[in-house]
Engineer: 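Quick one: the structure is below, questions incoming.
Along the sequence shown, the residues carry numbers beginning at 1. Remember, it's 1-based here, ligands and their atoms both numbered in the order they're listed.
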Amino acid sequence: MNHFPALGSYPAARLRRNRADDWTRRLVAENTLSVNDLIWPIFLKEGVGRNEPVSSMPGQLRVSLNELIDHVGRAVELGIPAIALFPATSPERKDSEGSEALNPDNLVCKAARLLKSTFPTLGLIGDVALDPYTDHGHDGVLRKGLVANDESLELLACQAIVQAQAGIDTLAPSDMMDGRIGVLRSALDAADLKDVRLMSYAAKYASGFYGPFRDALGSSGALKGDKRTYQMDPANSDEALREVALDLQEGADMVMVKPGMPYLDIIQRVKATFAVPTFAYQVSGEYSMLKGAIDHGWLDPDKVILESLLAFKRAGCSGVLTYFAIEAAQRLNRG
Ligand SMILES: NCc1[nH]cc(CCC(=O)O)c1CC(=O)O
Ligand SMILES: [Mg+2]
């Protein structure tokens, strides 16, 4: 069936006409990518000392607190609206309950206070989940060998409050426990932190693409088993809509789909169904795939970085968490 009878067909219809010059290409472009779409995830390292390269993510660093202002200053200068903080916690601070997550002087909280006082207008996103802090590497606590949903929620709520009090303005729960958005929202309300935003990792899949991230945080060696009892099955799509519906009902301000590129179909369905601010996480494995090929000279960074990010806009995203944020912003600012 012809859905566009009025348009006729070749030779009257020649779609190449609009592609013939830069000016028409710019006029008919349906989507744009700008610096306003970028969120830069940053790994933090304890102690004062040198930054450390992350070997499975060439170009990314674990940043120590004394280097943090210079490091983040680059994002601020480029106009990147927000960064997301992830702590590489040293093994001696990890335990089975992830207690360090509740320490108001933990790495994320120290970084948040420092960054808020230096860059008051920069958005700070804090990860809510226990895996950087547990010696078993799971996002919640274990009871009888299983990740216990409701016990974990209590700890996650405390973790959220501690971060918000340190200056984190957007909490991003990545734990995938059921009910955590509602619990976090009421905990924030009770603590008079009503303006703190919740960016829910609503549809987070049990993905192999997180491998380099777990290396960066040192949680891959620690992780016992896998996360398939709480993260979503990559086979599922309808279920993502249920996850998003619940999180919105419970008080999420923004939702996220993760990973990104292999899940563009999910992003599109979420945006079409709910019409709410939707984000994607172009995760560590996606970065390392592209970066590895770029470093070998097999892909052209001037083409693939912005193309991969524009794909998220086309699918319906408001913005993207990407380790390419700096490189993308530099290219966008160059015009
Ligand atoms: N709560 C853990 C968390 N938060 C963000 C990522 C992955 C990000 C990336 O791969 O870049 C993960 C990994 C996991 O679930 O094991
Ligand atoms: Mg959920």
Engineer: Which residues, ordered by chain and number, are linked to L27 in its hydrophobic cluster, where ILVMFWY side chains connect at heavy-atom gaps below 4.5 Å, directly or through other members?
Structural biologist: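 Reading the cluster by chain and number, L27 sits alongside W23.
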
Engineer: Counting both backbone and side chain atoms, is some N or O of Y201 under 3.5 Å from an N or O of ligand 1?
Structural biologist: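 No; every N/O pair is 3.5 Å or more apart.
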
Engineer: For ligand 1, which atoms sit closer than 4.0 Å to a heavy atom of D139?
Structural biologist: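 With D139 as reference, the close atoms of ligand 1 come out as 1 (N), 2 (C).
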
Engineer: Compare K258, R214, E286 and give the one whose heavy atom is closest to atom 12 (C) of ligand 1.
Structural biologist: K258

Engineer: By ring-ring contact (aromatic ring centres under 6.0 Å, His included), which residues pair with Y263, not counting sequence neighbours?
Structural biologist: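 Y263 satisfies ring-ring contact (aromatic ring centres under 6.0 Å, His included) with Y205 once adjacent residues are dropped.
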
Engineer: For the side chain to side chain contact (heavy atoms under 4.5 Å, CB included) test, which of D139, L156, D175, V147 pairs with L130?
Structural biologist: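 Going through D139, L156, D175, V147 one by one, the side chain to side chain contact (heavy atoms under 4.5 Å, CB included) with L130 is satisfied by L156 alone.
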
Engineer: Taking only heavy atoms of A129, which atoms of ligand 1 are found under 4.0 Å from at least one of them?
Structural biologist: 1 (N)

Engineer: Go through the side-chain N and O atoms of T89 and E100 and say whether any donor and acceptor fall under 3.5 Å apart.
Structural biologist: no

Engineer: Taking C-beta and beyond as the side chain, do P301 and F324 meet within less than 4.5 Å on heavy atoms?
Structural biologist: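 Contact flag for P301/F324 side chains = no.
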
Engineer: Under the 6.0 Å and 45° cation-pi test, does K204 pair with Y210?
Structural biologist: yes

Engineer: Please could you name the atoms of ligand 1 that S174 approaches to less than 4.0 Å, counting only its heavy atoms?
Structural biologist: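 Heavy-atom distances to S174 below 4.0 Å select 1 (N), 2 (C), 3 (C), 4 (N).
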
Engineer: Atoms of ligand 1 less than 4.0 Å from K227 heavy atoms?
Structural biologist: 14 (C), 15 (O), 16 (O)

Engineer: Report the nearest protein non-hydrogen atom to atom 15 (O) of ligand 1: residue, atom name, distance rounded to 0.1 Å.
Structural biologist: K204 NZ, 2.7 Å

